[in-house]
Amino acid sequence: MTDDAHLTALQRHVAGATVGHAHPFAVPPLPPQEPLTAALRDDWVRPLYMGLHRPEALACAQRLAQADDALIARLLGQFDWRSRMAGAYLAALTQRSAFTDQLGGLLLASEVCYAGSAYCLALAVFDTPDSRDYLHRYLAHYLRQPQLHFEQTQAMAAIAYLDGQHGSAAAARHAPAWNAFLASRPGEALDNALAAFSVGMDRLRTLRAVAPGA
């Protein structure tokens with residue numbers, strides 16, 4: 001997905017590449033991006049990567065007009081879970097569905113930890129046939145990989161959330177694989193995951209409401 005051959009094993013681990021795995025997806029590499037400056041890290045990455053519930057996220061929402069396509073692409077193009085999470089949140093907050101393929105590709109490749117939850121959130125915000133297809137493709141593969149504890153729960157919650165919005169039952173197609181997957185995660189339940197996902201969507205709406213011009 002990205003040109004990370006220059007990174008040491010320790011650097012890859014710090015960036016979030018904590019699990020090595022193969023996948024069957026043909027995922028094109030992201031366009032090369034310049035490294036982040038200290039100012040970009042301070043202005044966008046640090047306020048967002050710990051979650052939309054933090055007060056710092058509100059400050060980002062209030063200057064959301066500055067989050068253009070170039071910034072989002074630059075954040076997503078870094079081999080680091082923190083910047084990719086911030087980029088996904090900004091794509092969701094600005095409702096830039098043009099980033100569907102980049103975010104869907106990152107989700108399918110699952111190169112770094114944590115960021116997948118933000119990819120799922122953004123794809124659900126876009127709520128297009130293409131964005132939903134990425135979620136379904138992810139689940140079709142990763143629910144059958146119980147040794148990989150990635151973002152299966154968040155992706156399933158995203159589909160269930162969209163079912164609630166549309167009165168559909170798309171999550172049912174994954175029910176057998178989901179129930180088998182749960183055997184590797186005692187105590188998890190879709191209802192709990194859906195409730196947490198809904199909170200994330202509500203936070204996005206709250207932050208969008210305070211953005212200038214909202």
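Since the structure is predicted, the reported quantities are computational estimates derived from the model, not experimental observations.
- A donor-acceptor distance shorter than 3.5 angstrom exists from the side chain of R74 to the backbone of P35, with no hydrogens or angles considered.
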Any chance you could lay out the side-chain contact (heavy atoms from CB on, under 4.5 Å) test for Q66 and L71, step after step, and finish with the verdict? CA-CA 8 Å; Q66 301 173 31; L71 171 63; 6.0 Å; no

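- Side-chain contact between S117 and M85 is present, with at least one heavy-atom pair separated by less than 4.5 Å.
- Not counting sequence neighbours, the partners of H166 by the side-chain hydrogen bond (donor to acceptor under 3.5 Å, both in side chains) test are D127.
- Listed for the D163 side chain is a donor-acceptor partner under 3.5 Å among the backbone atoms of A171.
- Residues Q145 and Q147 bring a donor and an acceptor atom of their side chains to less than 3.5 Å of each other.
- Looking at H21, its side chain does come within 3.5 Å of a backbone N or O of A109 through a donor-acceptor pair.
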Steps toward side-chain contact (heavy atoms from CB on, under 4.5 Å) verdict (C120, L107): CA-CA 8 Å; C120 291; L107 178 65; 4.0 Å; yes

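- A 6.0 Å sphere centred on CZ of R208 holds more than 12 heavy atoms belonging to other residues, nucleotides or ligands.
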Could you go through the side-chain contact (heavy atoms from CB on, under 4.5 Å) check for R46 and E56 one step at a time? CA-CA 8 Å; R46 290 192 176 94; E56 295 90 338; over 6 Å; no

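- Sorted by first and then second residue, the ring pair (Phe, Tyr, Trp, His ring centres under 6.0 Å) pairs involving residues 170-204 (not counting sequence neighbours) are H136-H174, Y161-F197.
- Hydrophobic cluster membership is shared by L36 and M50, with clusters built from Ile, Leu, Val, Met, Phe, Trp and Tyr side chains linked at under 4.5 angstrom.
- Listed by chain and number, the residues in a ring pair (Phe, Tyr, Trp, His ring centres under 6.0 Å) with Y114 are W81 (sequence neighbours excluded).
- Partners of S184 according to the side-chain hydrogen bond (donor to acceptor under 3.5 Å, both in side chains) rule, which considers only residues two or more places apart in sequence or in another chain, do not exist here.
- The closest donor-acceptor contact from the side chain of R63 to the backbone of D43 lies under 3.5 Å.
- With sequence neighbours excluded, no residue forms a side-chain hydrogen bond (donor to acceptor under 3.5 Å, both in side chains) with Q62.
- Looking at residues two or more places apart in sequence or on another chain, you find no side-chain hydrogen bond (donor to acceptor under 3.5 Å, both in side chains) involving S97.
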